[in-house]
Number of protein chains: 4
Amino acid sequence: MATQKSTRPPAPAAERPHPDATRRSQRSRQAIYDAALALVGEVGYPKTTIEGIAARAGVGKQTIYRWWSSKADVLLEAFLDLGEQAAGQEAYAIPDTGDLAADLKAVLRATVDELRDPRFETPSRALAAEGVVNEQLGREFVAKLLEPSLQLYVDRLRAAQEAGQVRPDIDPRIALELFVSPLAQRWLQHTGPFSHAYTDTLVDYALHGLAPR
Amino acid sequence: MATQKSTRPPAPAAERPHPDATRRSQRSRQAIYDAALALVGEVGYPKTTIEGIAARAGVGKQTIYRWWSSKADVLLEAFLDLGEQAAGQEAYAIPDTGDLAADLKAVLRATVDELRDPRFETPSRALAAEGVVNEQLGREFVAKLLEPSLQLYVDRLRAAQEAGQVRPDIDPRIALELFVSPLAQRWLQHTGPFSHAYTDTLVDYALHGLAPR
Amino acid sequence: MATQKSTRPPAPAAERPHPDATRRSQRSRQAIYDAALALVGEVGYPKTTIEGIAARAGVGKQTIYRWWSSKADVLLEAFLDLGEQAAGQEAYAIPDTGDLAADLKAVLRATVDELRDPRFETPSRALAAEGVVNEQLGREFVAKLLEPSLQLYVDRLRAAQEAGQVRPDIDPRIALELFVSPLAQRWLQHTGPFSHAYTDTLVDYALHGLAPR
Amino acid sequence: MATQKSTRPPAPAAERPHPDATRRSQRSRQAIYDAALALVGEVGYPKTTIEGIAARAGVGKQTIYRWWSSKADVLLEAFLDLGEQAAGQEAYAIPDTGDLAADLKAVLRATVDELRDPRFETPSRALAAEGVVNEQLGREFVAKLLEPSLQLYVDRLRAAQEAGQVRPDIDPRIALELFVSPLAQRWLQHTGPFSHAYTDTLVDYALHGLAPR
DNA sequence: CGTTAAGCGAGACGGTACGTCCGGTCTTTTT
DNA sequence: AAAAAGACCGGACGTACCGTCTCGCTTAACG
């Protein structure tokens with residue numbers, strides 16, 4: 001996949017029939033991102049309207065419709081932009097102390113905390129929900145937000161395989177789902193409590209299996 | 001769990017101030033269920049409107065507002081009703097042949113097939129998505145639709161524990177998530193292929209763990 | 001032409017596909033008339049908008065679109081309604097003192113004064129202008145507002161013919177235009193001063209002709 | 001009347017703050033005139049937009065706003081330009097055969113035919129309508145398009161006065177309205193049939209008066 | 001004869017209004 | 001008293017234009 005990372009806009013979906021992107025107002029773009037995230041946080045996703053975003057951003061509605069195809073699309077890019085801005089600070093990787101179980105538990109505990117941060121929770125939920133029903137957006141959501149994070153688990157598990165802590169015939173992309181997916185489902189669907197104890201348990205079960213040894 | 005099965009409506013959140021339920025038109029109710037499910041299947045959830053349901057059902061809008069609080073609520077009950085009608089035929093339980101792995105694989109393969117049936121897929125997705133964003137509905141969705149199915153896994157796993165095929169210190173309610181949640185996530189979020197081979201792998205990984213023995 | 005004058009609405013164009021007129025809110029109708037006339041008077045016709053009328057009348061836009069097809073249509077009916085309300089008071093006829101010239105001069109002087117009343121001027125101009133460009137509306141405007149007034153001149157001229165003051169071979173419907181049309185044109189198009197002296201002159205010229213006798 | 005025919009633009013209202021007129025693109029100007037007239041003819045005045053004219057003329061919107069103040073203004077000048085181009089061919093004057101009645105009838109018959117030519121009808125109506133509602137434009141319309149034509153009647157009537165065919169105390173500027181205004185009104189407002197027979201009648205009535213002699 | 005400043009095409013921008021759709025309430029009539 | 005029907009107020013939708021505002025680009029006039 002050839003990415004055109006030389007031009008600055010952070011991957012503008014490319015499929016939509018864009019007007020001249022070089023004339024685009026960065027000022028408006030940022031104002032729209034800010035307004036969208038703020039509104040979703042304040043009144044929730046369903047009550048966030050394009051008109052509302054435009055008004056709050058001090059922007060004409062057409063400026064939104066010119067560059068995005070839907071409310072969900074705006075929010076997705078706003079969220080991606082938020083992530084990019086945050087990206088500089090964090091070194092996004094799973095620690096490798098040699099103790100796989102401890103490393104996974106630490107990361108999952110951190111994830112639990114992050115998912116509880118209301119700053120992220122409302123827009124994430126909104127996007128996830130929209131992705132469930134709108135396949136195109138869902139795939140974009142997964143590709144741009146989910147997969148990059150999951151890849152970190154793949155890397156860590158492969159390192160564990162080389163260190164002999166994970167069976168060599170295991171597919172890491174599937175293995176990671178044993179603890180990531182349960183966490184995701186509890187968060188998304190409220191199917192159960194959402195705690196550090198829970199994620200610790202998941203890691204233990206996943207690593208050692210349910211069957212007696 | 002005490003169910004109030006005397007009033008026939010399948011427990012509609014109880015908080016809403018219902019008019020006299022005994023005078024309710026079953027004719028209209030069924031027509032609304034049918035219309036709602038048909039419309040969601042045909043045009044998708046977001047384009048399904050209360051007006052549309054009323055028109056298709058040959059019913060006044062007020063008749064819907066009288067008995068339900070939202071589009072999601074209508075659809076949830078319509079879907080429950082659908083499930084109840086189907087329930088008579090099937091004996092809903094997980095087989096117990098003594099071979100836990102085989103039994104789980106069989107059930108998960110059947111689940112994969114069922115989730116692909118478009119008759120169920122659109123409304124299920126719609127409800128799941130709504131539940132992600134609307135906590136009240138989400139909890140109802142889980143309690144009425146998800147938990148009863150998960151309980152079957154709990155039962156089967158407990159039997160396996162008694163048979164010595166699962167470690168006695170394992171919590172079955174958590175254990176089942178090792179294979180159910182990954183499947184759910186792949187279906188909801190399109191995070192990966194959705195096949196019999198995949199579910200078989202999940203069962204193997206979950207039972208025997210990722211770590212070498 | 002069969003008119004259905006038993007139903008109360010003052011001739012609702014009949015051609016448009018009306019919803020159930022018996023359920024119509026008279027309250028809203030009157031509020032819309034009032035708002036439309038007020039706005040046209042205050043900000044002028046072009047800056048009068050359907051949204052503005054709806055807002056000022058405290059009415060949903062749809063309630064306007066349900067019953068009228070355009071801004072011009074609303075204003076025409078509002079104006080007709082205004083006329084009907086005023087109709088009760090005045091005995092609308094041209095006096096017959098036996099002196100045709102004097103009677104015509106009196107009526108035309110009164111017309112000059114009336115056309116200068118800003119209460120009538122703005123909406124009249126707006127309707128006349130719209131009628132110039134929109135033939136359908138123009139014909140309605142003429143039939144409902146103009147012709148009834150012109151008919152009064154026809155009647156007076158016929159009386160004058162019987163009294164021997166107008167040649168018997170004259171067509172009154174054409175004759176009246178000799179003094180009415182010049183007045184109308186000066187008012188509509190600002191083609192010249194608009195005064196009592198002018199209308200007096202018109203009557204003299206029209207009655208006695210341009211040619212020497 | 002002092003005309004400043006040295007600068008080529010046909011007297012552009014003078015009040016507007018013009019940029020350097022010597023650098024003006026005649027190419028664009030003509031394209032705009034053509035586009036404006038074509039669009040008004042094709043879709044009517046209200047649906048003719050500045051954007052549409054600019055697009056059709058292959059011109060930037062700003063080029064229109066730089067030189068004209070409104071849609072009506074563009075159309076007025078376009079129409080004047082059209083008239084000027086046609087002016088070369090015709091010798092615009094009313095014939096003087098010595099028979100006033102015959103001369104007037106001939107000219108009015110020709111006017112009837114001309115007003116029916118759709119090439120002129122749509123833009124004329126549009127301008128006339130706009131002038132009814134917009135006094136400034138209306139006065140310009142009258143001064144530039146109407147008065148020059150009416151002046152021809154004044155001239156012819158004065159000649160008739162000298163020849164003893166019109167009473168010497170008659171004001172020709174008012175007299176001409178006896179037959180011109182009725183025609184104008186019937187055309188503008190569809191208040192009656194619009195034919196050669198009608199104009200002939202008008203001339204007869206106007207010359208000889210309504211009263212018996 | 002190159003510099004420079006205007007007009008120009010293009011079109012993004014903040015806005016306003018359009019005409020439509022639907023939400024949720026209310027009223028009238030029928031069953 | 002519930003139900004069918006649908007008018008009503010409100011408000012968001014996505015579109016069309018408004019008039020303003022940059023952007024290069026061309027094209028004269030001048031230094």
Side-chain angles (χ1 to χ4, degrees), chain A residues 18-25 27-29 31 46-55 57-67 69-71, chain B residues 19-25 27-29 31 47-55 57-67 69-71, chain C residues 18-25 27-29 31 46-55 57-67 69-71, chain D residues 19-25 27-29 31 47-55 57-67 69-71:
Chain A
H18 265 186
D20 183 345
T22 67
R23 289 206 189 291
R24 184 167 187 181
S25 160
R27 205 176 184 291
S28 299
R29 162 139 54 157
K47 291 198 172 176
T48 296
T49 65
I50 300 249
E51 288 207 342
I53 295 172
V59 139
K61 277 202 285 181
Q62 202 57 38
T63 299
I64 297 184
Y65 286 111
R66 189 160 21 236
W67 302 106
S69 62
S70 67
K71 180 169 68 163
Chain B
D20 184 345
T22 65
R23 292 181 143 255
R24 183 166 187 184
S25 160
R27 205 176 185 291
S28 298
R29 161 136 60 150
K47 291 198 171 175
T48 297
T49 65
I50 300 251
E51 290 206 344
I53 295 171
V59 138
K61 278 202 287 179
Q62 200 58 12
T63 301
I64 296 184
Y65 285 110
R66 188 159 20 239
W67 301 104
S69 64
S70 68
K71 179 169 70 161
Chain C
H18 265 188
D20 184 344
T22 67
R23 288 205 190 289
R24 185 166 185 182
S25 160
R27 206 176 183 295
S28 298
R29 161 134 62 153
K47 291 198 172 175
T48 297
T49 65
I50 300 248
E51 288 207 343
I53 295 171
V59 139
K61 277 201 287 180
Q62 201 58 34
T63 300
I64 298 185
Y65 286 109
R66 185 157 29 235
W67 300 106
S69 62
S70 67
K71 179 172 67 164
Chain D
D20 184 345
T22 65
R23 289 180 149 251
R24 185 168 184 181
S25 160
R27 204 175 186 292
S28 298
R29 160 135 63 148
K47 292 198 172 177
T48 297
T49 65
I50 300 253
E51 289 208 344
I53 295 171
V59 138
K61 279 201 287 181
Q62 199 64 343
T63 300
I64 297 184
Y65 286 109
R66 188 161 20 236
W67 302 104
S69 64
S70 68
K71 178 170 71 161

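Values below: every heavy atom of this structure, side chains too, minus hydrogens, waters and symmetry copies. Here is how names work: the chains are called A, B, and so on, in the same order as the sequence lines, proteins then strands, and each is numbered from 1.
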Under 3.5 Å, which N/O atoms of the protein pair with N/O atoms of nucleotides 25-31 of chain E?
{"from": "dC26(E)", "atom 1": "N4", "to": "Gln62(B)", "atom 2": "OE1", "distance (Å)": "2.9"}
{"from": "dT28(E)", "atom 1": "O4'", "to": "Arg23(C)", "atom 2": "NH1", "distance (Å)": "3.1"}
{"from": "dT28(E)", "atom 1": "O2", "to": "Arg23(C)", "atom 2": "NH2", "distance (Å)": "3.3"}

If I take atom [atom1] in residue [X] and atom [atom2] in nucleotide [N], what distance separates them, rounded to the nearest angstrom?
{"X": "Lys71(B)", "N": "dC22(E)", "atom1": "NZ", "atom2": "C1'", "result": "10 Å"}
{"X": "Ile64(B)", "N": "dG23(E)", "atom1": "CD1", "atom2": "P", "result": "9 Å"}
{"X": "Arg29(A)", "N": "dC13(E)", "atom1": "CZ", "atom2": "P", "result": "10 Å"}
{"X": "Glu51(D)", "N": "dC13(E)", "atom1": "CD", "atom2": "P", "result": "14 Å"}
{"X": "Trp67(D)", "N": "dG9(E)", "atom1": "CH2", "atom2": "P", "result": "12 Å"}

Apply salt bridge (Lys or Arg N to Asp or Glu O under 4.0 Å) to Lys61(C) and list each qualifying residue two or more places apart in sequence or on a separate chain.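 Listed in chain order: Glu51(C).
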Chain D on DNA chain F: first and last contacting nucleotide, 5' to 3', under 4.0 Å to a heavy atom?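 Span of nucleotides near chain D: dC17(F) to dA28(F).
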What's Thr22(C) touching, base or sugar-phosphate or nothing? Going by heavy atoms closer than 4.0 Å.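 Here Thr22(C) touches no strand at all.
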Regarding Gly52(B), tell me which of base, sugar-phosphate or nothing describes its non-hydrogen contacts under 4.0 Å with the strands shown.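 The residue Gly52(B) makes no contact with any strand.
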Would you name the heavy atoms of Ile53(B) and Ile64(B) that are closest together and state the gap between them?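 Taking every non-hydrogen atom into account, CG2-CD1, 3.8 Å.
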Considering non-hydrogen atoms only, spot the tightest contact between Ala57(C) and Ala31(C) and give its length.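 Nearest pair, atom of Ala57(C) first, then Ala31(C): CB-O, 3.5 Å.
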When the nearest nucleotide of DNA chain F is assigned to Lys47(D) and to Thr63(B) on a heavy-atom basis, which residue is associated with the more 5' position?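 This one resolves to Thr63(B).
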Which residues pass the side-chain contact (heavy atoms from CB on, under 4.5 Å) test with Thr63(C), not counting sequence neighbours?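 Per chain and number, Thr63(C) pairs via side-chain contact (heavy atoms from CB on, under 4.5 Å) with Ser28(C), Ile32(C), Val59(C), Arg66(C), Trp67(C).
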Looking at residues at least two apart in the chain, or sitting in another chain, which of them share a side-chain contact (heavy atoms from CB on, under 4.5 Å) with Ser70(C)?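 Ala72(C), Asp73(C).
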Main chain of Thr48(A), side chain of Lys71(A): is a donor-acceptor contact present, judged purely on distance under 3.5 Å?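 At least one qualifying donor-acceptor pair exists.
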Arg66(D) vs dC8(E): side-chain N/O to OP1/OP2 distance below 4.0 Å: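 The answer is yes; a side-chain N or O of Arg66(D) sits under 4.0 Å from OP1 or OP2.
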In Å, rounded to the nearest 0.5 Å, how long is the span from OG1 of Thr49(B) to NZ of Lys47(B)?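 The OG1 atom of Thr49(B) sits 11.5 Å away from the NZ atom of Lys47(B).
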Quick one: on DNA chain E, does Ser25(A) or Thr48(B) contact a more 5' nucleotide (nearest heavy atom)?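 Nearest nucleotide further toward 5': that of Ser25(A).
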